[in-house]
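Computed from a predicted structure; not experimentally measured. Both backbone and side-chain heavy atoms feed into the values below; hydrogens, waters and symmetry mates do not.
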Amino acid sequence: MNHTYFDPVADAKNSARALITAAVEAAQHVDELPQAEIPAFTIEIPADTKNGDLAANIALVGAKAFRLPPRRIAEVIASRLDLSKSLFERAEVAGPGFLNLFLSPAYFGGVIKGALAAGESYGRTGLGEGKKVMVEFVSANPTGPMHLGNARGGALGDCLAACLDWAGYTVSREFYINDAGNQIEKFGKSLSARYLQHFKGEDAVSFPPDGYQGEDIKLHAQNFAALYGDKYLSADEETRKKALVDYALPLNIQAMKDAMEKYRIHYDEWFCESALHDSGAVQEVLDKLKALGATYEKDGAVWYKAAEYSLKWGANQKPKGAGEDEGPKDEVLIRANGVPTYFAADVAYHYNKLVTRGFDLAIDVWGADHAGHVPRMKGAMDAVGLSGSRLDVVLMQLVKLVKDGQEVRMSKRTGKAVSLVDLLDEVPIDSARFFFNQREPGAQVLFDLDLAVKKDSDNPVYYVQYAHARICSMLKKLAEEGVVPAAPDTIEDALLAHPAERELIRQIARLPGEIAGAAQHYDPARVTRYAIDLATLFHKFYNACRVKGEEESLLQARLALCMATRNVLRNVLDMLKITAPESM
């Protein structure tokens with residue numbers, strides 16, 4: 001880890017481990033403990049910090065190696081701990097042999113000073129060691145409006161990418177445009193039929209049974225007709241379809257880009273599926289699969305041995321709430337008519353990510369209904385000579401929209417299914433991004449439209465923003481009264497001893513670990529929940545501890561704590577691309 005990163009919890013755990021290890025070795029040196037290899041042990045934060053700030057299980061796991069009762073081992077280690085000049089003020093033995101360590105005032109003061117010194121970078125760690133990671137998310141078909149699932153996928157993918165960036169990875173955000181294959185063929189047929197109906201009437205022209213029924217298709221056809229008139233009425237079907245797709249597809253793609261920009265999502269790359277076909281990348285991967293013995297021919301088509309390669313990745317496993325998995329089955333790569341399938345392009349796309357563009361890891365955010373596709377795609381990475389471990393998929397559950405206690409399925413404005421654009425017109429962007437990141441990806445989101453627009457503490461994003469604004473207002477008032485913050489290194493650590501102060505400082509200290517955990521577990525909701533907890537502890541501190549009117553040294557210590565809290569709240573909100581207002 002880069003030494004410039006400040007992670008007080010990790011520092012405390014590392015210090016505790018070194019102290020305990022030195023104490024064991026000291027005890028062994030004087031035969032208070034037998035000579036034996038020190039077993040692996042854990043250091044955790046207890047659920048109740050009254051029992052210590054850190055707890056080690058060294059005595060419990062060392063009973064066999066040291067051939068002594070755990071409590072006796074813990075007592076020997078505690079007696080040999082040299083806590084002078086350390087982050088800890090005392091150690092206690094509890095229960096069957098837990099070794100509990102209590103942090104010193106210098107640690108708590110150091111958290112504030114370190115967080116203030118780190119400023120905008122506080123929370124960053126070197127966990128990722130600069131590894132190149134691509135997060136691909138939303139990737140909606142460009143044949144119609146984006147839906148609520150895309151709204152959740154957008155917030156989830158963007159905030160996950162932010163967590164990975166803050167955890168030390170080199171991150172790229174990508175949207176994969178499916179501008180080739182069956183859906184574009186269907187798009188063209190639908191547009192062509194609506195164009196003909198525009199001139200001949202709906203009864204005179206049949207609409208494809210599997211066509212796209214949306215009003216957007218009719219609107220595109222009408223606008224195309226306004227531009228070109230009946231020029232394409234007598235054209236052959238392929239010419240008419242191509243002209244309509246060439247007109248409508250760029251408009252749909254631009255609409256998606258506009259919606260994502262409004263949602264504060266900025267992609268590094270909008271990657272077109274058609275580019276894989278045009279460049280020969282699809283055929284290249286098909287040839288590679290064939291050369292590696294991962295394909296066979298049947299009924300005039302080329303098949304991939306998906307059942308064989310996907311078993312390693314749990315082809316029969318699916319997360320709770322996912323649709324029924326059809327089990328392992330082989331996949332068609334090239335149809336009997338010689339046209340590659342979407343799956344073939346998907347394999348080529350992931351090969352392009354990991355080989356052509358050299359990403360160390362590809363992370364895809366998919367709906368839970370794609371659970372069965374995960375082992376097939378990971379297996380395909382093995383089959384093409386890579387490793388399925390370099391592709392991770394985050395499966396995301398559905399969104400349930402609620403208003404007045406009732407589920408909402410249709411937009412009042414359009415009378416159709418609620419789209420991403422409908423939602424962003426209805427609720428603040430801050431609420432949308434925050435609400436969609438309150439639950440882990442595998443949990444269903446209940447999006448309360450009434451709550452999302454409320455401007456009080458019931459609304460969690462308002463609650464967090466208010467904590468930030470409250471601090472800013474307090475600092476502004478103190479400044480107007482001539483109070484100037486002291487240099488952080490002059491703060492008297494021992495003054496911050498109130499339980500509400502200590503709990504707030506402990507929460508500040510947890511930020512780097514929470515961001516790293518969110519990156520490791522692909523769960524940015526951890527950071528959102530962290531922000532709510534931090535706001536709660538600040539409001540608790542604010543009600544329990546005065547700042548204005550206290551003796552100068554205590555005022556300055558608490559002022560520094562407020563400033564550190566403000567900075568942390570701002571960092572978290574900035575990371576989630578949520579505004580951090582200075583007044584409300």
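What you find for A345 and V282 is that their closest heavy atoms are CA-CG2, 4.1 Å. F359 and V133 make their closest contact through CD2-C, 3.7 Å (heavy atoms, listed as atom of the first residue, atom of the second, distance).
Figure legend: K186 and Y212 shown as a cation-pi pair, the cationic atom lying under 6.0 angstrom from the six-membered ring centre and within 45 degrees of its axis. A cation-pi arrangement is found for R194 relative to F207, the charged atom lying closer than 6.0 Å to the ring centre and inside a 45° cone about the ring normal. With a 6.0 Å cutoff to the six-membered ring centre and a 45° limit on the axis angle, R152 does not count as a cation-pi contact of F447.
Between T536 and D533, the side chains place no donor N or O within less than 3.5 Å of an acceptor N or O (distance only, hydrogens not considered). The closest side-chain donor-acceptor pair between N252 and H220 falls under 3.5 angstrom. A donor-acceptor pair shorter than 3.5 Å can be found between the side chains of S192 and E237. No hydrogens or angles considered: a donor-acceptor pair under 3.5 Å links the side chains of H373 and D346. Between the side chains of D430 and T579, at least one donor N or O lies within less than 3.5 Å of an accepting N or O. For the residue pair W313 and D382, a side-chain donor N or O sits within less than 3.5 Å of a side-chain acceptor on the partner. Side-chain contact check for Y296 and D330: at least one donor-acceptor pair (N or O, by modelled atom type) lies under 3.5 Å.
Checked against a 6.0 Å centroid threshold, the rings of F271 and Y349 count as neighbours.
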Item to complete: List the steps and the verdict of side-chain contact (heavy atoms from CB on, under 4.5 Å) for L54 and E44.
Response: CA-CA 6 Å; L54 294 177; E44 303 291 345; over 6 Å; no
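Between W270 and Y267, the angle of the ring planes goes over 60°, which puts this pair in the perpendicular group of the 30/60° scheme.
For the pair D158 (side chain) and G154 (backbone), a donor-acceptor distance under 3.5 Å is absent. Using a distance-only test at 3.5 Å, with no hydrogens or angles considered, no donor-acceptor pair links the side chain of S310 to the main chain of R376.
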